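The block underneath contains the structure these notes are about, expressed in structure tokens.
Sequence lines set the chain letters: A, B, ... in the order given, protein chains first and strands last, and positions in each chain run from 1. Every value quoted in this text rests on a predicted model; they were computed, and no experiment measured them.
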Protein chains: 2
Amino acid sequence: MSSIRYAMLTLLAREPLSGYDIKQQMNNRMGPFWKAGSNQVYPELAKMEGEGLVKLYGLEQHAYRPVRKLYEITEAGREALIQWTTEPTERENIRDEFLLKAYNTWLVEPEKMIIRIEEKKKEHEERLAAYLDKVEELTQLLDSSNSKAPIASSLSVVEFGVQYERLYIEWCDKLIKKL
Amino acid sequence: MSSIRYAMLTLLAREPLSGYDIKQQMNNRMGPFWKAGSNQVYPELAKMEGEGLVKLYGLEQHAYRPVRKLYEITEAGREALIQWTTEPTERENIRDEFLLKAYNTWLVEPEKMIIRIEEKKKEHEERLAAYLDKVEELTQLLDSSNSKAPIASSLSVVEFGVQYERLYIEWCDKLIKKL
DNA sequence: ACCCACATGTAAGGAGTTACATGATTAC
DNA sequence: GTAATCATGTAACTCCTTACATGTGGGT
């Protein structure tokens, strides 16, 4: 499995990045679809360098700061990524803690539950807003509209996010009405 | 975190169950929302028994088979479950491997990608059908329509599943059209 | 003959989270 | 003075997956 390495290659296929950049993009830009801590990113980068999937692209030194080690994807890395992308994917579960809690609604005073649902709704409204911003941003970058641009792929994924957040918000509304 | 124990308590709050039952319900009935292996279920049951959250309800012996050890939730267990349910829940990510692959669509020949998307679509159509069956089943069990019944809570969660699968299928369609 | 369902568990390992360490600068 | 950002990494720990162990009866 170990999809962390493919998440990293996914980003590196677009531009050279440092370990720090990768972490940031995963936790902010890309995401929150796929998160990673530094403990995963740095060792995995080193491992991939050893296997020839990425290589050092250059070093950047900004004044006092630690040296930024930029990595780029190699041809072998690109091939591995394409191979993985076109492989069948295992079934995946939703696994959302709040859904699990929703199973216990009947055990709990409705007022208390409603507070939590409202909270969740707000959270997903925030995410929806963030995704919509991203959609706009990406749409403007696109307009040449060739489906082979990386941006087109990003857009599709973010649009999934938009739909997902909308569904979540609607579901929260329905739940509140029921109680 | 360790939400596995609360997933187990969620099931035990409704009826006494054996470890095997819990595993089965998680991987089939309840799910696939929350999965667990026997290695998690049995030790966790023992731990919870030690903490007084569950207690042995009885033993069942069917002919040649190993003894079924049925557990029931205690008052302390029920309180812990209610406490957890009404606590705020952390933000959670989508984390679907196929979405990650979708970021790489631009790298791959469209025909190859379409094959995988069709596959995924089919998978989610199957799940949708299963969830719809469950909705029907639960709706029939309900009709007395008191929102304090466990079944009402189950229904809400399964309805989320239905909407989720629909959105996934639509998204697959849109992706295919784009390519 | 062979695999699956039932039913309990244990063992080993991989994946992921949280915290720590270092160290200079900028913002409040 | 305190915290946050940049930037690299390590350590410890929990969580989860996969495989194994045992044993009988039923289906193909």
Side-chain angles (χ1 to χ4, degrees), chain A residues 1-8 16-50 54 56-71 84 89-97 100, chain B residues 1-8 16-29 31-50 54 56-71 89-97 100:
Chain A
M1 280 264 160
S2 146
S3 36
I4 194 70
R5 78 176 339 169
Y6 294 107
M8 290 169 67
L17 295 166
S18 72
Y20 189 81
D21 293 335
I22 291 172
K23 214 191 99 192
Q24 290 305 102
Q25 290 204 14
M26 282 194 186
N27 298 333
N28 306 323
R29 196 160 307 260
M30 191 175 195
F33 283 115
W34 220 268
K35 279 195 174 180
S38 38
N39 59 106
Q40 286 186 284
V41 170
Y42 293 112
E44 196 65 37
L45 259 179
K47 229 194 273 178
M48 289 199 286
E49 197 185 9
V54 300
L56 205 60
Y57 173 75
L59 300 171
E60 264 179 34
Q61 180 68 275
H62 286 283
Y64 58 89
R65 297 209 197 120
V67 182
R68 277 167 54 77
K69 293 159 79 175
L70 288 169
Y71 290 90
W84 172 78
T89 308
E90 291 292 300
R91 295 188 174 225
E92 217 140 348
N93 307 323
I94 301 184
R95 213 184 165 69
D96 176 307
E97 200 174 310
L100 185 55
Chain B
M1 279 265 163
S2 149
S3 34
I4 194 70
R5 79 175 339 169
Y6 294 107
M8 290 168 66
L17 295 167
S18 72
Y20 189 82
D21 293 335
I22 291 172
K23 215 191 100 191
Q24 290 306 104
Q25 290 204 14
M26 282 195 187
N27 299 335
N28 306 324
R29 197 162 305 259
F33 283 116
W34 219 267
K35 279 196 174 180
S38 39
N39 60 106
Q40 286 186 282
V41 169
Y42 293 112
E44 197 65 36
L45 259 180
K47 230 193 273 179
M48 289 199 287
E49 197 186 9
V54 300
L56 205 60
Y57 172 75
L59 298 170
E60 263 179 34
Q61 179 69 274
H62 286 283
Y64 57 89
R65 293 203 201 127
V67 181
R68 277 166 55 77
K69 293 160 79 175
L70 287 169
Y71 290 90
T89 309
E90 292 290 301
R91 295 189 175 225
E92 217 140 347
N93 306 325
I94 301 185
R95 210 183 169 70
D96 176 307
E97 201 175 311
L100 186 55

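- Residue A:E44 contributes atom CD, which lies 12 Å from atom C1' of C:dG16 at whole-angstrom precision.
- When the nearest nucleotides of DNA chain C are assigned to A:P66 and A:G37 by heavy-atom distance, the more 5′-ward of the two goes with A:G37.
- A:K23 places none of its side-chain heavy atoms less than 4.5 Å from the side chain of A:Q40.
- Closest to the side chain of B:H62, out of C:dT18, D:dC6, C:dA7, is C:dA7.
- Put simply, the side chain of B:W34 reaches to within 4.5 Å of the side chain of B:I4, judged on heavy atoms.
- Computed from coordinates, the A:K47 NZ to D:dT10 P distance equals 13 Å when rounded to whole Å.
- Side chain of B:E97 to backbone of A:E90: no donor-acceptor contact under 3.5 angstrom is found.
- One finds a side-chain N or O of A:Y42 lying less than 4.0 angstrom from the OP1 or OP2 phosphate oxygen of D:dT8.
- Regarding A:Y20, its OH atom lies at a distance of 13 Å from the P atom of D:dA4, rounded to whole Å.
- Residue B:R65 places no side-chain N or O under 4.0 Å from the OP1 or OP2 atom of D:dT24.
- Nearest nucleotide to the A:K69 side chain, out of D:dC16, C:dG9, D:dT8: D:dT8.
- Taking atom CD of B:E97 as the reference point, atom P of D:dC16 lies 17 Å away to the nearest angstrom.
- The separation between B:L70 atom CG and C:dA7 atom C1' is 12 Å, rounded to whole Å.
- In this structure, of D:dC15, C:dT17, D:dA7, it is C:dT17 that holds the atom nearest to the side chain of A:Q40.
- Distances shown here put every side-chain N or O of B:S38 at or beyond 4.0 Å from the OP1 or OP2 atom of C:dA7.
- Among D:dG23, D:dC16, D:dT24, the nucleotide with an atom closest to any side-chain atom of B:Y64 is D:dT24.
- The interatomic distance linking B:L56 (CG) with C:dT8 (C1') rounds to 13 Å, in whole Å.
- Proximity of B:L70 to B:D21: side-chain heavy atoms (C-beta onward) are separated by under 4.5 Å at one or more points.
- As judged by a 4.0 angstrom heavy-atom cut-off over every strand, A:V67 is placed among residues touching the sugar-phosphate backbone only.
- Listed nucleotides: D:dT17, C:dT8, D:dT8. Nearest to the side chain of B:N39: D:dT17.
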